[in-house]
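Report on one structure; see the data block that follows.
So that the names make sense, note that chain A is the first sequence line, chain B the second, and so on, each numbered from 1.
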Number of protein chains: 2
Amino acid sequence: MKLVWQRDSATVRDVYEALLGRRKIAYTTVMTMMKILETKGYLKKRRQERAFVYRPAHPKEKVIGKMIREFMDRVFNGSAEPLLVHLVRGKHIRERDLEKVRRMLEESK
Amino acid sequence: MKLVWQRDSATVRDVYEALLGRRKIAYTTVMTMMKILETKGYLKKRRQERAFVYRPAHPKEKVIGKMIREFMDRVFNGSAEPLLVHLVRGKHIRERDLEKVRRMLEESK
DNA sequence: CTTATAGTACTAATTAATTCGTATGTCAAG
DNA sequence: CTTGACATACGAATTAATTAGTACTATAAG
């Protein structure tokens, strides 16, 4: 998914070659993965020339939002607050970013 | 895991009965799950009377911290800031909780 | 027309996770 | 001593996810 997002659209070959850099994998494996992502509704495909070109079916923001929500549901029974607390209190986050968040919160007041 | 945390310690039977409330499941299934959690280092067991009593092997905070980090790595390539931004901007979080976070941030300044 | 190439479709093998059954042991009640 | 309740150990069946192979098609080069 990330790879398709980065490129906004990508063929199986594009993704295949990008993945090859990191690990050994078969071309058809990538094909299968992308087909599954398609049937699950994360990618759309469109024939272009000989090959399929895949693009995201939904805006990235939306998908990530859904992932966050699922994570929250699973780990914190759906409430965001404890997650925030962890993030702020733990050493997950750099001081510089904290400052950014402070400002954001001020604005949205 | 959640169930053991809630109880601080639990037998297979405890967990089994708690799960039964939600879905049909076999006693031995729960046993296997807990044994796996043990070999993976999430639970410790200790014989008590006839049965094993399981307790968390690590403090809950620590485990959850690890899960958050893994999630961040996977989804945001390891940086916390975009996750924060999502949480604050999206409708994941109630106004009341936002206020709490604001206060926390002020204090930790 | 033949062949090499790049692609898909379909199927199959592999691996990992989940769920459960059977055999067996222990203890307390009768 | 026998039986029933309750436990574990071990192995196996099931299901889901991941990875890959083979057959077939279209196209462009020669």
Side-chain angles (χ1 to χ4, degrees), chain A residues 1-58 63-64 66-71 73-75 77, chain B residues 1-58 63-64 66-71 73-75 77:
Chain A
M1 280 306 301
K2 277 199 216 164
L3 290 171
V4 179
W5 279 331
Q6 270 175 29
R7 291 163 174 68
D8 180 73
S9 83
T11 63
V12 171
R13 176 147 305 267
D14 294 334
V15 175
Y16 167 63
E17 277 165 8
L19 285 182
L20 257 193
R22 300 191 226 157
R23 62 196 173 104
K24 171 187 160 292
I25 193 169
Y27 181 91
T28 47
T29 304
V30 178
M31 234 189 52
T32 310
M33 287 189 324
M34 290 177 80
K35 191 161 21 189
I36 288 175
L37 284 175
E38 193 220 344
T39 59
K40 288 198 176 168
Y42 293 109
L43 293 177
K44 286 178 303 191
K45 75 180 169 187
R46 208 158 58 86
R47 189 143 229 149
Q48 188 166 306
E49 316 293 307
R50 312 223 271 103
F52 288 127
V53 174
Y54 288 87
R55 358 182 116 257
H58 307 289
V63 175
I64 290 195
K66 201 173 147 196
M67 294 177 74
I68 293 178
R69 198 175 314 269
E70 278 167 11
F71 181 74
D73 286 349
R74 189 161 53 81
V75 179
N77 300 309
Chain B
M1 279 306 301
K2 276 198 218 165
L3 290 172
V4 179
W5 278 330
Q6 270 174 29
R7 291 162 175 69
D8 180 73
S9 83
T11 63
V12 171
R13 176 147 303 268
D14 293 335
V15 175
Y16 167 62
E17 277 166 7
L19 286 181
L20 258 193
R22 300 191 227 155
R23 61 198 174 102
K24 172 186 160 293
I25 193 169
Y27 181 90
T28 48
T29 304
V30 178
M31 237 191 48
T32 309
M33 289 191 320
M34 290 177 79
K35 191 162 20 190
I36 288 175
L37 285 176
E38 192 219 343
T39 60
K40 289 198 176 169
Y42 293 109
L43 293 177
K44 286 179 303 192
K45 76 179 166 188
R46 207 158 58 85
R47 190 144 229 148
Q48 189 166 304
E49 316 290 309
R50 313 223 271 103
F52 288 128
V53 174
Y54 288 87
R55 350 181 121 262
H58 306 289
V63 175
I64 290 195
K66 201 173 148 193
M67 294 177 73
I68 292 178
R69 197 175 315 269
E70 279 168 9
F71 182 74
D73 287 348
R74 189 162 52 81
V75 179
N77 300 310

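Residues B:Leu37 and B:Met33 have side chains not in contact (no heavy-atom distance under 4.5 Å, counting atoms from C-beta outward). Side-chain contact between B:Trp5 and B:Ile64: present, with at least one pair of heavy atoms (C-beta onward) separated by less than 4.5 Å. Under the 4.5 Å side-chain criterion, counting only non-hydrogen atoms from C-beta, A:Thr11 is not in contact with A:Tyr54.
The nearest whole Å value for the distance from the CD1 atom in B:Ile36 to the P atom in D:dA9 is 14 Å. The nearest whole Å value for the distance from the CE atom in A:Met34 to the P atom in D:dA20 is 16 Å. The nearest whole Å value for the distance from the NZ atom in A:Lys24 to the C1' atom in D:dG21 is 12 Å.
Below 30°, between 30° and 60°, or above 60°: for A:Phe71 and B:Phe71 the angle between ring planes is below 30°, a parallel geometry.
Think of the region where chain B sits on DNA chain C: with heavy atoms and a 4.0 Å cut, that region ends 5' and 3' at C:dT19 to C:dC27.
Surrounding NZ of A:Lys2 are more than 12 heavy atoms belonging to other residues, nucleotides or ligands, all under 6.0 Å away. Within 6.0 Å of OH in A:Tyr27 there are more than 12 heavy atoms belonging to other residues, nucleotides or ligands.
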Task: Per-nucleotide protein contact string for nucleotides 1-8 of chain D, where B marks a base within reach and S marks sugar-phosphate only (heavy atoms under 4.0 Å, - for neither) - done: -----BSB
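In this structure A:Glu70 satisfies the salt bridge (charged side-chain N to carboxylate O under 4.0 Å, His left out) test with no other residue, sequence neighbours excluded.
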TODO: Show your reasoning for whether salt bridge (charged side-chain N to carboxylate O under 4.0 Å, His left out) applies to B:Arg55 and B:Asp8.
DONE: CA-CA 6 Å; B:Arg55 350 181 121 262; B:Asp8 180 73; 3.2 Å; yes
